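Only one structure is covered here, and it is reproduced in the block below.
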Number of protein chains: 2
Amino acid sequence: MASEAGDDGLDDRYLVQPVLKAMQVLQLVCEALEPVSLNQIVRDAALPKTTVFRYLRTLAMLGFVEHDPEADRYRPGIGLWRLSHASSPYETLRQACKPSMKRLRQRFNETINLGVLSGGEVVYLDVLESERSLRMQSSVGATDPLHCTALGKVFLAFRPPAQRAMLIPPVLPRLTRNTITDPAALIEQLDIIRTTGYAIEMGENEEGSYCIAAPILDHQGIAIAAMSLSAPITRFDEGARQAICAGLISAGGEISRIIRGEPPALTNEATRAA
Amino acid sequence: MASEAGDDGLDDRYLVQPVLKAMQVLQLVCEALEPVSLNQIVRDAALPKTTVFRYLRTLAMLGFVEHDPEADRYRPGIGLWRLSHASSPYETLRQACKPSMKRLRQRFNETINLGVLSGGEVVYLDVLESERSLRMQSSVGATDPLHCTALGKVFLAFRPPAQRAMLIPPVLPRLTRNTITDPAALIEQLDIIRTTGYAIEMGENEEGSYCIAAPILDHQGIAIAAMSLSAPITRFDEGARQAICAGLISAGGEISRIIRGEPPALTNEATRAA
DNA sequence: CCATTCGGTTCCTCCTGAAGGAACGTGCCT
DNA sequence: AGGCACGTTCCTTCAGGAGGAACCGAATGG
């Protein structure tokens, strides 16, 4: 297990350049809002034209990009989509959580998020937005730091101390006035979270918003995902908090059980309340 | 616009081997049902161990695979998932069609499919299975030929003749007794399909099943996607056919309008019937 | 307790084949 | 007509990808 610093091994020693560059090109094609031309990619990627040309051809043959012969534009192909759907645990998870998330949104009419931990960050797998005009919005695929989000705290809390330590950098960047920047204070909070079963964040990531999250646990009690509710801090209210926590925790528990292929659980919770 | 044969240019001249091989490795990781070890991939990919090792490291750095240090296993990472969700037209389309598809399934209690045309094949973007025990099932990401599926016929029918010609191979492989193997006969049928607005297939792809499909059209009247209903041929019934066709066509039209950002249309069709 | 094996990692050399400059053809705009 | 912009092709060079072989650590078994 190589590794050089405390983080996990990045080892630029064994990286294959062509693959790296080709993926950079693929990313540019995928992130563009509309089909792009060869030259646009050349500009953005800062790679020689010939090189980009070859990559695009290769990616096209693989079905990762599609080439529109009319306008000589490239756009994302189904190849990627198919790969990411082939046995992808993420799609499965998202599917599994959808019903609970819908129920939660309906019940509280606030934005419900589903996130996983990856690369030391929270990655949003799904977001169901509230229907109110003032609402929290983030987008699928976006990321946020661990230390200042409710989801992130859940991931840290429900994780073996060894791994947890690697995920908490010695200096926690301050995003708002409320951001916890002291690792010791954070770790202290994690113990509480593990006890109570939910995490809360009040304007620590973004001024004026709060977020409550509960874990989805695997059989070892490690959080493989988490669901959260986020809303403007002005709508925060102690009464609602109780209900929200209970709702998130029970939904999370429900899904945990499904994930582990366990008993479908008694049908007393996670009901289609209104 | 290179191209050599009548098909579209595959030009193995400009292909970058490392990218090809790395994607092969990625595919193996993604298609595996559970995390795989380095050696398993080496076996399956028939590539030298060192080479696979380097690719895995590179892919891991990009987040396309994830490396579990405990068991030294590789599994698909979120990188792929994120890319395929970044502005992917496919996810958007799938999202947009979901409600209509649900309504159709509920109304007819048969399997409803959503497909796009890609690489000269039908690719299934979504499948909602009927709840009956005897039902058609295919899976998201799978493919089928054009000439023997209702979806495929729709794609051919609603497409400029020039492109259509390129998509119909001179010899149509026979899959069942009913498969149309004469290109002329197929083309003849396409004219009817374009007139009536739906395509039907009776045991031409698989013995004992039928399928009815209607297009989702862009502003040029080209089918960018299509929805279909498939069921055992034993449940086919002329009365139902009428209703199914009408339902598919109106749902398709509805989505076409949404896609084009057009008026939300009068709310007389695609109602939540039961 | 040592021997053996197996999987992952590292090293090193060879030579492929990726890179990228430059030239070419084409269509569009001026 | 002339000139740009863009995609494609050609050709040369040498970086760096390939892969054999050796190394290491853990698990297995005698």
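The shown structure was predicted, so the numbers you read here are calculated from the model rather than taken from an experiment.
- For D:dG17, the OP1/OP2 oxygens have no side-chain nitrogen or oxygen of B:Y55 closer than 4.0 Å.
- Checked by distance alone, A:K49 brings a side-chain donor or acceptor within 3.5 Å of a matching partner on the base of D:dG7.
- Along DNA chain C, the nucleotide nearest B:Q40 and the nucleotide nearest A:P48 are compared for position; the residue whose nucleotide lies closer to the 5' end is B:Q40.
- At C:dT9, none of the side-chain N or O atoms of A:R13 fall inside 4.0 Å of OP1 or OP2 (strictly under the cut-off).
- A sub-4.0 Å separation between OP1 or OP2 of D:dT8 and a side-chain N or O of B:Y14 is absent.
- Residue A:T50 places a side-chain atom within donor-acceptor reach of the base of C:dG21, judged by atom type and a 3.5 Å distance cut-off alone.
- A side-chain donor from one of A:S37 and A:Q40 sits under 3.5 Å from a side-chain acceptor of the other.
- Judged by atom type and distance alone, A:R54 does not reach the base of C:dA18 through any side-chain donor-acceptor pair under 3.5 Å.
- Ring-plane geometry between A:H85 and B:H85 is classed as parallel, the angle between the planes falling under 30 degrees on a 0 to 90 degree scale with a further cut at 60.
- Considering only heavy atoms from C-beta on, A:I41 comes within 4.5 Å of A:L56 through its side chain.
- Using a 4.0 Å cut-off, no side-chain N or O of A:N39 falls inside it from OP1 or OP2 of D:dA5.
- Nearest heavy-atom pair across A:L186 and A:I180 is N-CG2, 3.9 Å.
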